[in-house]
2 protein chains.
Amino acid sequence: MANIEGERAKHRAAQIDSIKRVASHLIAEKGADGLSLRAVAREIGVVSSALYRYFANRDELLTALIYDAYNDLGASVERSEARISRSDCRRRWAVTCRAVRRWARSHPHEFSLLYGTPVPGYRAPKTTIEAASRVVIVMGEILSDSTIASSHGRSVRRSRDVAAFLDVDGLARILPGVPEDFYVRALMAWTLIFGSISFELFGHYVGSVNSPGRLFDEVVEELGELLGI
Amino acid sequence: MANIEGERAKHRAAQIDSIKRVASHLIAEKGADGLSLRAVAREIGVVSSALYRYFANRDELLTALIYDAYNDLGASVERSEARISRSDCRRRWAVTCRAVRRWARSHPHEFSLLYGTPVPGYRAPKTTIEAASRVVIVMGEILSDSTIASSHGRSVRRSRDVAAFLDVDGLARILPGVPEDFYVRALMAWTLIFGSISFELFGHYVGSVNSPGRLFDEVVEELGELLGI
DNA sequence: AGGAATAGAGAGCACTGCTCTCTATTCAAG
DNA sequence: CTTGAATAGAGAGCAGTGCTCTCTATTCCT
């Protein structure tokens, strides 16, 4: 079972790769709605029913592509961030945020797939969530490092018991060393970064923002201050 | 031409109404992807080709529904905000933001239609943009009123020349009396309010936020402070 | 009253996701 | 090495989609 050397197993892996590659191109060109199994089959020179040997249905293929896209985004952001000196938290923060935006702008349809309207009912296989966390983890590390380094006494609003509405255990794993008072602001930063990019890509800034990139940089800086980075 | 009294004109208006009503229900139940012209036709007891007498294609019907949804959201938010004393800007701000969230949660598919992945290529007929502005206008008025009332000297980051990347004319119309230094923060607030709701509805808070409502309230308050409301 | 505009019916085209059956190939165990 | 099982793909077919075209009945306007 699952003989990795067999001719069949090899062919299978290659086919799955082909399917995902072609499907990925289709999505990049025409968006998730434009992804048609029949078009994929046509492209790789096979009849449409053959695809069902590899993916039970369209949603399953889409889920696989979502997983890959999260990993692509994550890897891209990790690479950019890794190039910056660990001690320069401000720059790490700015570079990380800009890397997210750059990926989003060069993969608009994939970004929509990840952060736009969810396509299936739910799309929360555990592996997907894990892949989705990669960007968040990078951001969390920066905040952690900066908090530890500066032990700043920056005033944070009266904290209220954050444990009442946040999953403090989960957040503590992403934000080690960061006081709970900061959790709300950290979530705000995460949300606003992706919210800004969505607003830009989805056209909501048309008519009020001429250079979304400049605004984004301002937002990143403002958030850096709010977080004490 | 356009005789509003004629039997035909009356029937036409009624049919358009029926179509939109049925289509709206379909979207509310199954989302924009689940909207099928044939299903609408079936429901109102007419053959599918007849619908093309009223809407040139699916996108045009969708655009009409988007327009209506923007207006429904706008009217709902305006109603809530109007109930608060004009002088109590903090409360007006909180109530307005909560009204947006309440509408979004009771109309999740419509919210996705407006603020999720854009469906056609572009959807920017002028009337739609106008309808979309209603919520923004309410928010802008609150910020204006609070700025004028308090003439606070709250410290805002070095301003940079905002005119270089924002449409200051357009923004000045929405934010009369608000100094340009605040424009970036105002845009941040707008973006974060809708970004938070998107993250909640699209499932990105699963695993880190237990009560999105509580988090939302915190965010609203934090934004209020950032804006000096 | 008669010609023009309109609403709807109905057939049809090209496309979709998906299922089912049937054949050819590879695999793995005797 | 052979033989029976597992697998990949082909091909037909079903039910659904958006949309177009033609044809008929009704309303409108002059």
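Chain identifiers are assigned alphabetically (A, B, ...) following the order of the sequence lines, protein sequences preceding nucleic acid strands; residue numbering begins at 1 within each chain.
Contacts of A:D68 classified as side chain to side chain contact (heavy atoms under 4.5 Å, CB included), with partners at least two apart in sequence or in another chain: A:K20. Every salt bridge (charged side-chain N to carboxylate O under 4.0 Å, His left out) that A:E78 has, sequence neighbours left out, goes to A:R134. Under the side chain to side chain contact (heavy atoms under 4.5 Å, CB included) criterion, B:A189 pairs with B:W93, B:L223, B:L227, sequence neighbours left out. Listed by chain and number, the residues in a side-chain hydrogen bond (donor to acceptor under 3.5 Å, both in side chains) with A:S198 amount to none (sequence neighbours excluded). For A:A39, the side chain to side chain contact (heavy atoms under 4.5 Å, CB included) partners at least two apart in sequence or on another chain are A:L26, A:S36, A:R42. Residues satisfying the salt bridge (charged side-chain N to carboxylate O under 4.0 Å, His left out) test with A:E81, not counting sequence neighbours, are A:R86, A:R92. The side chain to side chain contact (heavy atoms under 4.5 Å, CB included) search around B:D17 returns none, not counting sequence neighbours.
Taking every heavy atom of residues 16-28 of chain A and every atom of DNA chain C, no pair lies under 4.0 Å. Near DNA chain D, defined here as any heavy-atom distance below 4.0 Å, the residues from residues 29-36 of chain B are B:L35, B:S36, listed numerically.
Rounded to an integer number of Å, the gap from A:N57 CG to D:dG16 C1' is 17 Å. Rounded to an integer number of Å, the gap from CG of A:L37 to P of D:dT17 is 18 Å. Summarising the geometry, the separation between CD on B:E60 and P on D:dC19 is reported as 10 Å, rounded to the nearest angstrom. Straight-line distance from the CG atom of B:L51 to the P atom of D:dG18: 9 Å, rounded to whole Å. Between the CG atom of A:D59 and the C1' atom of C:dC18 there is a distance of 13 Å, given to the nearest Å. Across the protein-nucleic acid pair, A:R42 atom CZ and C:dG17 atom C1' stand 13 Å apart, rounded to whole Å. Taking atom CZ of A:F55 as the reference point, atom P of C:dG17 lies 14 Å away to the nearest angstrom. Atom P of nucleotide D:dG18 and atom CG of B:L62 are separated by 11 Å, given to the nearest angstrom.
Taking 4.5 Å as the limit, every side-chain heavy atom of A:L175 sits out of range of all side-chain heavy atoms of A:F182. Within the 4.5 Å cutoff, no side-chain heavy atoms of B:Y54 are placed close to those of B:L61.
Among residues at least two apart or in separate chains, there is no salt bridge (Lys or Arg N to Asp or Glu O under 4.0 Å) pair with a member in residues 165-176 of chain B. For residues 96-114 of chain B, the salt bridge (Lys or Arg N to Asp or Glu O under 4.0 Å) pairs, not counting sequence neighbours, are B:R98-B:D217, B:R101-B:E200, B:R105-B:E200.
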Polar atom pairs (N or O), protein with nucleotides 7-11 of chain C, under 3.5 Å:
from: C:dA7; atom 1: OP1; to: B:R12; atom 2: NH1; distance (Å): 2.6
from: C:dA7; atom 1: OP2; to: B:R12; atom 2: NH1; distance (Å): 3.2
from: C:dG8; atom 1: OP1; to: B:H11; atom 2: NE2; distance (Å): 2.6
from: C:dG8; atom 1: OP1; to: B:Q15; atom 2: NE2; distance (Å): 2.8
from: C:dG8; atom 1: OP2; to: B:Y54; atom 2: OH; distance (Å): 2.3
from: C:dG8; atom 1: N7; to: B:R53; atom 2: NE; distance (Å): 3.0
from: C:dG8; atom 1: N7; to: B:R53; atom 2: NH2; distance (Å): 3.2
from: C:dG8; atom 1: O6; to: B:R53; atom 2: NH2; distance (Å): 2.4
from: C:dA9; atom 1: OP2; to: B:V47; atom 2: N; distance (Å): 2.5
from: C:dA9; atom 1: N7; to: B:S49; atom 2: OG; distance (Å): 3.4
from: C:dG10; atom 1: O6; to: B:S49; atom 2: OG; distance (Å): 2.7

